[in-house]
Amino acid sequence: MTDKPNPLVIENIEKSFQTGFLNLKKVKAVKGISLTIKRGEIFGLLGPNGAGKTTTLKMVTGLIFPDKGKISIFGKSSSKATARSEVGFLPENPWFYDYLTAREFLSMAGGIFSIPSDTVKKRSEELLEKLGIAHAADIPMRKYSKGMLQRAGLAQALINNPELIILDEPLSGLDPIGRRELREIILDLRKEGKTVVFSSHILADVEDICDSVAIIAKGKLRETGKLSELLLKGQSYFEIFATGVHNTISELCKSVDETVVVEKTISGTRIQVSTSEISNNILKKLVMENIEIKKFDSHKKSLEDLFMESSSNKSDEEK
Amino acid sequence: MGAIFSIGLNTFREAIRSKVFYSMALFAILIVITGHFLADISLHQEKRVLLDIGTGLISFFALMLSIFTGTSIIYKEIEKKTIYLILSKPVERWKFIAGKTAGLLATIFTVVGIMLIFFLLELYLMRISPGTNILKATILILSEVIVVVAITIFFSSFTSPFITGMLTIGMVAIGRLLPDLKHIIQMKYEPDFIRSSVESLLQIFPQLYLFIPNGHDFNGVHVSITSDFVNWSFTFWSTAYALTYSGIFLFLASIILSKRDLT
């Protein structure tokens, strides 16, 4: 492995926008975000609408400029256009030159990278085929469906065979088949050794394919790290459903541990405990007292739980 | 250069796939109608009238095309967010301005070229020899196009198409009427600080009267393509002026765009 710098390093970036009457109001969209994205990983940038994901990605791709902080792409400052020579970018809801065909558009994109025309032609054919729009390659893009436009957008992002691929909400607006295909394409890119950064609020997709994630809310970084580690970090809990006299069950449980949550439900009693040790003790006691156990569940924290906690609880702290 | 060429080619493609070429067809029809009409009523003055009107129409159409195609050229890219797909690639923003300018100029030069072919064909059919003045007039017309395109791109880099259009039309109107405005100021006001300030202020505006085939020379003397037309030295210096003036405006446009957040 060579000592090539990390594909993307973001250090304490901040960005404000002027809004309101005469632009007198200042809104901080990004408040000191730092991230390091390692080679060959799929990195998911999560956050609710207005969290600062797109603003962050626009700063990375040089479309807007950070007020503070530094962004390095393969060790080069993002303020230099040349830093983006190994980057492919698909913006959110990409707009295209609708009078161009996909083939012409890819030819233009390749030309911007100063790639020889023969190479652009060959690469265009490969990408059009791979992304399933070869049949429409010579039709003006104004006639494309949303899914086809997203594929054309991805094709232009890959025309330079980039090492770092940045996709802003690539799965939004796609039907389930389109989402599945795009997920497979992203996984293929990882197999080729590429680094993929994508923003999304479709948590299931992120959970399926990401190696690492960052959760952003209200412009601040809430969590970041390996997805598996983040999920482990979150507390799991156990649920026992029993039928019998509610008060008896409640007393039994409290005698084991005071912190146990006992709730009466329509069909019986729900008991929630935080550790396997306590749950074992309670189960033993219930069996000894001949109380019927209807169900036992072990819950692990999901990405959704993590996302909801990170984006709501910590936002409340700011108020 | 790859980026500038690609952006320029795309701008050219966009223009020729839009309604720009309708104006060319309209001109072709106009010139043919005008030619035949004039042949009947001009009492042996076909050459003078046809050359004056023909070059005047080419100049007018080129100017209109420059203003109306140029007004939204940058704004539209930002508004429609197509610029994201360009500037997220390794392209400096000045190259984007250069590419858009090159594409727009290529489009208007092509239209002027086709109009000129129609015009020369008309002259040939009327058995009128245009002489070298037509070449000088074409160079001046294209020089004016360069200046006006640079002005529209400058305004388009930070304001809306409507305001760009208004400001450009204002600049063009003042630029074409500069000798008359200077004359009015000299006639109406005594030499003082205010008069010299206004005269200096007028220097900011493009000296577009230099490029009109039937306009004024540097000294404000009236010239016509069919009589005492400008010499090659005038043509050269006017073109040099056009390139310098437009270079300054394009440089300013590049600076504005390079500081701008594309939100």
Side-chain angles (χ1 to χ4, degrees), chain A residues 15-19 29 54-55 57-67 73 76 78-101 104-105 107-117 120 140 142 152-153 156-157 159-160 162 166 168, chain B residues 1-22 69 72-100 102-104 106-107 157-159 254-263:
Chain A
K15 183 70 192 174
S16 298
F17 294 109
Q18 315 274 358
T19 58
T54 297
T55 305
L57 294 183
K58 279 186 181 174
M59 284 191 271
V60 169
T61 49
L63 295 173
I64 58 177
F65 308 107
D67 299 333
I73 302 170
K76 286 182 192 167
S78 69
S79 60
K80 292 193 174 103
T82 49
R84 297 189 287 278
S85 54
E86 289 185 87
V87 177
F89 176 56
L90 171 67
E92 185 182 8
N93 298 321
W95 286 85
F96 296 92
Y97 300 100
D98 53 12
Y99 50 87
L100 289 184
T101 67
E104 286 170 341
F105 183 53
S107 162
M108 180 185 113
I112 288 173
F113 283 100
S114 299
I115 304 169
S117 59
V120 172
R142 64 175 166 269
Q156 66 80 34
I159 191 73
N160 57 326
I166 299 170
D168 192 4
Chain B
M1 285 305 282
I4 296 174
F5 178 77
S6 290
I7 295 164
L9 180 65
N10 183 42
T11 309
F12 182 75
R13 269 187 180 141
E14 179 181 11
I16 60 164
R17 288 176 193 182
S18 70
K19 292 172 183 167
V20 169
F21 272 61
Y22 292 121
T69 322
S72 58
I73 194 162
I74 306 290
Y75 182 87
K76 198 167 64 184
E77 292 263 4
I78 297 170
E79 204 58 19
K80 283 192 161 186
K81 298 178 180 173
T82 43
I83 199 168
Y84 290 180
L85 297 169
I86 308 291
L87 293 183
S88 59
K89 294 182 169 53
V91 180
E92 285 93 354
R93 296 195 179 186
W94 71 263
K95 285 186 181 171
F96 181 75
I97 293 283
K100 296 304 282 183
L104 187 53
T107 308
S157 67
F158 62 89
T159 188
S254 300
I255 289 177
I256 290 166
L257 191 67
S258 66
K259 303 276 178 210
R260 191 170 169 182
D261 278 333
L262 301 168
T263 51

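Chain identifiers are assigned alphabetically (A, B, ...) following the order of the sequence lines, protein sequences preceding nucleic acid strands; residue numbering begins at 1 within each chain.
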> In terms of heavy-atom pairs under 4.5 Å, which option from S6(B), P90(B), G99(B) contacts chain A the most?
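Heavy-atom pairs under 4.5 Å are most numerous for P90(B).
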
> For residues Y99(A) and R17(B), report the shortest heavy-atom separation together with the two atoms involved.
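Shortest heavy-atom contact: O-NH1, 2.9 Å.
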
> Which pair of non-hydrogen atoms, one from Y84(B) and one from F89(A), has the smallest distance, and what is that distance?
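Between these two residues, the closest heavy atoms are O-CD2, 4.4 Å.
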
> Could you tell me which portion of E86(A) (side chain, backbone, both or neither) has an atom closer than 4.5 angstrom to a non-hydrogen atom of chain B?
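Neither the backbone nor the side chain of E86(A) comes within 4.5 Å of chain B.
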
> Using the side chain to side chain contact (heavy atoms under 4.5 Å, CB included) definition, which of the options T263(B), L262(B), D261(B) pairs with L63(A)?
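Answer after filtering T263(B), L262(B), D261(B): L262(B).
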
> With rounding to the nearest 0.5 angstrom, report the NZ to CD1 distance, K89(B) to I159(A).
9.0 Å

> Where does K80(A) contact chain B at under 4.5 Å (heavy atoms): side chain, backbone, both or neither?
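Neither part; nothing is under 4.5 Å.
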
> Could you tell me which non-hydrogen atom of G2(B) sits nearest to which non-hydrogen atom of S114(A), and how far apart they are?
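Closest approach of G2(B) to S114(A), heavy atoms only: CA-OG, 3.8 Å.
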
> Counting heavy-atom pairs under 4.5 Å with chain B, which one of T82(A), I115(A), L100(A) comes out on top?
L100(A)

> Which one of E104(A), K58(A), K15(A) has the most heavy-atom pairs closer than 4.5 Å to chain B?
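Going by pairs under 4.5 Å, I would pick E104(A).
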
> With a 4.5 Å cut-off on heavy-atom pairs, point out which of I112(A), T61(A), V60(A) contacts chain B the most.
I112(A)

> The criterion is side-chain hydrogen bond (donor to acceptor under 3.5 Å, both in side chains); which residues satisfy it with E77(B), sequence neighbours excluded?
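Checked E77(B) against side-chain hydrogen bond (donor to acceptor under 3.5 Å, both in side chains); matches are Y97(A), T82(B), K100(B).
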
> Under 4.5 Å heavy-atom distance to chain A, tell me which part of R93(B) shows up: side chain, backbone, both or neither.
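Only the side chain of R93(B) comes within 4.5 Å of chain A.
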
> Who are the salt bridge (Lys or Arg N to Asp or Glu O under 4.0 Å) partners of K95(B), not counting sequence neighbours?
E92(B)

> Report which part of L90(A) has an atom under 4.5 Å of a heavy atom belonging to chain B: side chain, backbone, both, or neither.
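For L90(A), no heavy atom lies under 4.5 Å from chain B.
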
> Looking at F113(A), F17(A), F96(A), which one has more heavy-atom pairs under 4.5 Å with chain B than the rest?
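That would be F113(A).
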
> Just so I understand: if I count every heavy-atom pair under 4.5 Å between each of G153(A), A109(A), A81(A), G110(A) and chain B, which residue has the most?
A81(A)

> Which of these passes side chain to side chain contact (heavy atoms under 4.5 Å, CB included) with M108(A): L85(B), L9(B), I86(B)?
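It is I86(B); the other options fail the test.
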
